[in-house]
Structure formats: C-alpha cells, structure tokens
Number of protein chains: 2
Amino acid sequence: MAQATGPSRSQPATLSDVARLAGVSIATASKALNGRSQVRAETRQRVIEAAERLSFRPNQVARGLLAGRTGTVGLLTSDLEGRFSIPILMGAEDAFGAGEVAVFLCDARGDAIREQHHVRALLGRRVDGLIVVGSRTDPRPSLGRELPVPVVYAYAPSEDPADLSIVPDSVGAGRIAVEHLLACGRTRIAHITGDPGYLASQERSEGALAALADAGLALVGEPRFGVWSEGWGRAATAMLLDQHPDVDAVLCGSDQIARGVMDVLRERGHRVPEEVAVMGFDNWQVLTSASRPPLTSVDMNLEQVGRAAAHALFTAIAGAQRSGVETLPCRVVIRGSTAPLS
Amino acid sequence: MAQATGPSRSQPATLSDVARLAGVSIATASKALNGRSQVRAETRQRVIEAAERLSFRPNQVARGLLAGRTGTVGLLTSDLEGRFSIPILMGAEDAFGAGEVAVFLCDARGDAIREQHHVRALLGRRVDGLIVVGSRTDPRPSLGRELPVPVVYAYAPSEDPADLSIVPDSVGAGRIAVEHLLACGRTRIAHITGDPGYLASQERSEGALAALADAGLALVGEPRFGVWSEGWGRAATAMLLDQHPDVDAVLCGSDQIARGVMDVLRERGHRVPEEVAVMGFDNWQVLTSASRPPLTSVDMNLEQVGRAAAHALFTAIAGAQRSGVETLPCRVVIRGSTAPLS
DNA sequence: AGCGTCGCAGAAAACCTTTTCGGTTTTGTT
DNA sequence: AACAAAACCGAAAAGGTTTTCTGCGACGCT
C-alpha cells in the first residue's frame, strides 16, 4: 500500500523558462502574457505558445510580493459546526471566487485565544482583508482598530461602531412573519421561541409584536421563551393549548421549535394549516421539508449576507471603508404549514 | 454611514526596519529571530526587542517565495452545502492549523469546470498540496497524476488506485450496526435505507447482511431501498408493519429515514425501544437528539477522516506518498432508541 | 611574534514577477 | 538620403526573507 516513490513532481515552469523557449527576454515574456502593448503581435504569439507548451502558470506568490497585495482574504469563523456559518461562508466564497481572490479558512471554535492566533497568522500571510463570521447575532468584541487591513463582520456585528458589520434584519424578520400570518387571516397568534439570552430571539419577538400592534392586535398570551429545541416546542405547545385552545397560528422562534409544535398539534388533533398555521425561522431545509406539512419559514438570506460582506470587504480594500451596522432583509418562504383561513 | 477615510493602514514593519532599529544587518536580524546560532546573545536580545517594538511579523509570502514551499494547502470541496463536507473540513482545518499550515477553501459546487478552475488557481498560488472532499462515498474522477503537488481524496475516493483516498468504512459500519442490534437480543431485523444508487447504501447493507449471516440469521424481508428522506422512512415502515408485524428492530440507512420510521412506529403504537429498536446512520445531532426517544446512530467519524487526510497530505508533502484507498472505522453512538430486549 | 581557530557580523545571491527606462530597430516623411 | 517618430525589446530594480560565504577581530597555542 505504501510506496515511497511519488510522481516526478517536476518544478512548475517559470517565466524565464518560457522566455528562453520563446527566445526573448523575461521582460518581454511578461509583457506578452499580460497583454501589455509594447510587444509585436508575432512575438507575443511565440511567447504564448511557449507558455502553453510548458503549461506555465504565473507564480502568484511572487506577484503578491511585488504588488504588495496578495489577492487573498481571511475568513475567520467562530464556529464552523453551527449551521449559520456555512451559508455565509458559501456566499463569501462565491463572491470572492469570481474575483480571483482566494480565501483562507480559519475556525476559532469560539476561543478568543485561537482567534487571536489565527489573526496573527493571517496577517503574516499578508491577506488583503478579513471577514469575521459569528455564530449568533449578538455583538462581539472588535478585533481592534489598529489592524493593517480592513475587516468586515458578518452575522455577529462588532461592538465597535467604527467597524463595518453586515447582519440580517431580525426585527424585520419578525415583522414579515407576522404580516404573512395576518395576510392568511390569522388573528389569534401565539409565539413560542428560544433562548431569551439570544439577541435574535429578542429582536424577532420585537418585530413580531410591532407588526401585531400596527394591526391593532396583540399576541395570544405572552411570548414563550425557552430553548432552541423540538422538546421545548412540544412542551410549550402543550401548555399553550391548555390555556388558549382557540389559537389559530403559532409563530415559532426556529424551525426546530416549529417541528415540536407541529408534532404536538397533530397528536392533539389540531389540523395544520386549516385550524392552526405554523411558521418557523431559519428555513433549515432538512426540517422544513420533512415536516408534515412542509414548514413555512423565514429565511435569513445568509448567503446574501456572505456575499454582501465579501463585496464590502472588496470595496474597503479598494479604499472606500464604510462603518456601522448594515442590515439585510429576510424573506418568507411559504410552504404547506400556512394557508389562508378558509 | 459611509466614510472615506479608513484607519492609517501603515505598512507592516519589515526585517530591514528591525535591523535598522537594532543597529545590525538584515542577515543578522534574520538569524537572531530564527534562533540560528551565529549571533551573540546580547545582539540577539537587541534584535528581539526591536522586533517586539515594531510588532514585526515575518512576511510569509516572501518566505514562501524563497523556500519554494508556501505552507498552504487547498481544500477543494465539491459541495459545501451537504452536511458531510463540514466535519471533514473541520478535522482537516484542525490538523493543519496546529501545524502552521493555512488552508485555502474552494467550493466547486459539484461542477467539474469550476473544480478545474480552482485547481489551476490553487496551483498558481503554489499550494503545497490538495485535499479533495467529495459529497458522497462513490468514487470520483482523479485530478490526474501529472499534478505538481500531492493530492489526498477524502470521503469520495479517487477512481485511480494510484491516488491516496481516505474514506469511512461503510461496510464495517453496517456490520457494527447489526452487531449492536444483535447484542440487544434482536433477531427479527428489518432494513430500510436510501437511494440504491449511492455506494454508501449498498455497502452499509452489505455489511449488515454479512453480520447477520455470521450470526446465522437473515433480514426480515428484503432491504428496502428508496430515498434519503423522512417521508420514505414513514412509507416504508407502514408497508413493513403490514407485512411483518413481528419485527423487533429496524436498521435505517440514515437518521432522516430513522425519524420517519420512529414517527410511524409511535403512531401505530409500537413502543421504541421496548418492542422495536431503531438505528440510524450519520449521527446527525439535530435529528438524533430531537427524536423520541433519542436515536442510536452510527457515526462515520468524519472529523477523523479529515484529520487523517490532512495528516496523510502532510507526510506526502514531506516525500512519503502513499496510495490506494484507506478506510477508517465508524462507531455506534448508543442512545435511547435501542436497548436490550427485556 | 606568528599562526590557526573560533565566534560573530555583513554582503550578496536567490526566489519569481512586474515595471520603468534606456537603447535599438523599423517606419514614415520630406 | 536624412531625419523624426514610433515601435519594439532587454537590462535592471524592486518586493522581503533566508542562506551561504567572506571578512574581521579576538583568542589560544607554539
């Protein structure tokens, strides 16, 4: 199984190899390949063919050293495991990939020491900028103002207003969720949500209550905070039905909670969506599409957040640094668990 | 909100800055900081203090250019969205992070063209090696033997046996699953699994059948292939109970299927685990811990796969290239859905 | 005193590319 | 044919670091 001899691993061709083969100087070869104008068409052709023959790829390391910009950025996540980082990361990778920028991935695993270590390593590699991705929307400590490269915070905003942060609009998310339920003709809406220590749950509730107030309505009972789990969804629903059997919609703080809610509703014989509409947050595919019926949910557009952060970093690298917290809208994805009251 | 003036963005200190401040030559400064021996202790101290004062970080780009090794690797995933890539990626990132190696993340999104493009870009950046992470365990085309750097395939093995691939032991996974059920005293075991077009489902079944045969038993009915969804789990369970109401265990091809199975079992009044034990595969936390009771599942140790791939790449870069497909064992994580038959 | 040795510091080359600038050839014009 | 202008090519520097090699002073030994 183990064999000592790998493939030949010949060194990649360099520009001077190309120049030698084409019979020109290094300078001319460079100009020919980069489309600079001071090269005769016929010479350029010869160089291009030589480069082709040697399958020459310019050494980006040397180029970076010379230019002072490496065309790389650091993506610093605090928690890869959590499912929120991934779409953001995908969006950022997508936005950069198109622009010929390469992304260093670092996972600090929620540890400030490790984060600091990664920042130093990335700066040593002369990244052109950093994106810091948090695992929740609560503000987090800034990396500091003295960094030699621009930084954009995504999902978790920086505590320092001088930094630029891109976050989903959690208040707006709560608002559009309720507006959708109202549009379905629901008026007796309950709210079961997660850990009150999360800013996300607070803001979503706030938006939901505001939208209800705008419509001259109030929640059925108080918002029920708990934990982000199906178990809590089940327990809270049992209590809710005991106290308010006439509820016609439940707005849940997450898709997990919503699944628990729907399970208990079904077990107790309440039909969804005919009698009770159910909505979740996060639009987590594996949960929304597997539930019965499929779950209407609010999508935070996290890929969009990632793309926007990448774009903002791009312009910051170009010199136009913004600051403050910028929010991006969320969207309702309608599935079978909500429908107009017939 | 937008402000044109960013922070000062002073250029990072260079080695010659340090040398000047310490009153020595660049060469001496380099030697002092790198612990080479040809420097007087007192001089070394002076250089170190100067570096400290300027918060000097050696430019890894320049270092990489000179050394011919950049201390970077490319991590090429075919599908970041899929949940299998992430743990592998975490394991690899973890293994490399400790070794001062930085990871370029590229997501090809299942597109061969994009993959090729990323490979070229990574080679242009002179990565020292590549890890290719697939989204399923079916063999995939090799990147080719002519690459200038070593490559390790993780999860999805390369079709070329000259390449090195690290994959979970799916056959063994099926085997240990059945062995666990047998240890629980179950003898009438059914098998509901996913898409037969996936090698994973075939191999898990194969292992399961082999373990049963070793015990002188056979499956209850044939393996039931379908799709990787809760819906299929529910449908298949309904059929299964109609045909074989005396089943005492169901081995499911994934946690999603298992959840569907358990839902129908509960709805039909079969108690889990007292009457019927249920097992899944993948050990997907959000599903296993939310189900009632919590689901016993086979974990593929994907972080381990990632770490092993990183380690193998490391040794390959050092010159000891292995080849072939190496499998890593899976493990049973026991939760409430399986228990000894009383 | 002369010689070899040792310890320490510095000059310079190397890594690969881009760009500037000077030099040479060609073209066009009279 | 002579000259100006344009077109083309190459030498060299720059970017930051490591390493090798040379040089220099001090020290020990005969």
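A quick note: this is a predicted structure, and the numbers were derived from the prediction, not measured. The sequence lines fix the lettering, A, B, ..., with proteins before strands; numbering per chain opens at 1.
Close to dA11(D), at under 4.0 Å from its OP1 or OP2, lies no side-chain N or O of Ser25(A). The phosphate of dT17(C) (OP1 or OP2) has a side-chain N or O of Thr14(A) nearer than 4.0 angstrom. Phosphate proximity of dC15(C) to Asn59(A): absent, as no side-chain N or O sits under 4.0 Å from OP1 or OP2.
Each of Arg126(B) and Arg40(B) has a nearest nucleotide on DNA chain C; the 5'-most of these lies closest to Arg40(B). Two residues, Val39(A) and Pro12(B), neighbour DNA chain D, and the one matched to the more 5' nucleotide by heavy-atom proximity is Val39(A).
In this structure, of dC9(D), dT17(D), dT17(C), it is dT17(D) that holds the atom nearest to the side chain of Leu15(B). Minimum atom distance to the side chain of Arg63(B) is reached by dT18(D), of the listed dT18(D), dT18(C), dT19(D). Taking the side chain of Thr43(A) as heavy atoms from C-beta on, and the options dC9(D), dG16(D), dT18(D), the nearest nucleotide is dC9(D). Nearest nucleotide to the Thr28(B) side chain, out of dT19(D), dC16(C), dG10(C): dG10(C). Nearest nucleotide to the Arg36(B) side chain, out of dT18(D), dT19(D), dC9(D): dT19(D). The side chain of Ala62(A) approaches dT17(C) more closely than any other nucleotide in the set dT18(C), dG10(D), dT17(C). For Ser30(B), the listed nucleotide lying nearest its side chain is dT19(D); candidates were dA14(D), dT19(D), dA12(D).
For the residue pair Ser158(B) / Asp163(B), a side-chain donor-acceptor distance below 3.5 Å is found, with atom types taken as modelled.
Within the nucleic acid shown, Val24(B) comes within 4.0 Å of sugar-phosphate atoms alone, with no base atom in reach, counting heavy atoms only.
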